[in-house]
Amino acid sequence: MIYRKLGASGLSVSEIAFGNWITHGAQVDNDTALACVRAALDAGITT
């Protein structure tokens with residue numbers, strides 16, 4: 001995973017972000033949603 005500095009804050013964040021506002025909730029069951037988030041974290045996605 002490639003990370004970049006977030007402005008002058010000194011924080012490093014992943015270039016790739018994980019968005020889930022449409023797919024999670026009523027459209028995907030909780031176990032599947034949790035598996036997706038865990039996979040993103042395992043891949044190094046931080047945002």
Side-chain angles (χ1 to χ4, degrees):
M1 184 60 59
I2 299 172
Y3 299 91
R4 294 179 184 237
K5 295 290 184 186
L6 183 62
S9 71
L11 294 174
S12 291
V13 296
S14 58
E15 281 189 343
I16 299 173
F18 177 73
N20 64 1
W21 68 275
I22 290 178
T23 55
H24 295 178
Q27 297 178 356
V28 174
D29 65 89
N30 287 340
D31 290 337
T32 301
L34 187 56
C36 290
V37 172
R38 285 186 175 152
L41 291 172
D42 289 345
I45 294 174
T46 60
T47 52

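All heavy atoms count here, side chains included; hydrogens, waters and symmetry mates do not. Numbers here are sequence positions counted from 1. Everything quoted here is computed from the prediction, not taken from an experiment.
Distance alone, capped at 3.5 Å, places no donor-acceptor pair between the Thr46 side chain and the Val13 backbone.
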Q.
What verdict does the side chain to side chain contact (heavy atoms under 4.5 Å, CB included) test give for Ser12 and Arg4, after you've listed the backbone C-alpha separation in whole Å, the side-chain angles of each residue and the deciding distance to 0.1 Å?
A. CA-CA 5 Å; Ser12 291; Arg4 294 179 184 237; over 6 Å; no
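To the nearest 0.5 Å, atoms CD1 (Ile45) and OG1 (Thr47) are separated by 7.5 Å. How far OH of Tyr3 is from CG of Leu11: 13.0 Å, rounded to the nearest 0.5 Å.
Taking a 6.0 Å sphere around CD1 of Ile16, one finds it holds 12 or fewer heavy atoms contributed by other residues, nucleotides or ligands.
Closest approach of Gly44 and Ser14 over heavy atoms only: O-CB, 3.7 Å.
Clustering ILVMFWY residues whenever any of their side-chain heavy atoms sit less than 4.5 angstrom apart, transitively, puts Ile2 in a cluster other than the one holding Leu41.
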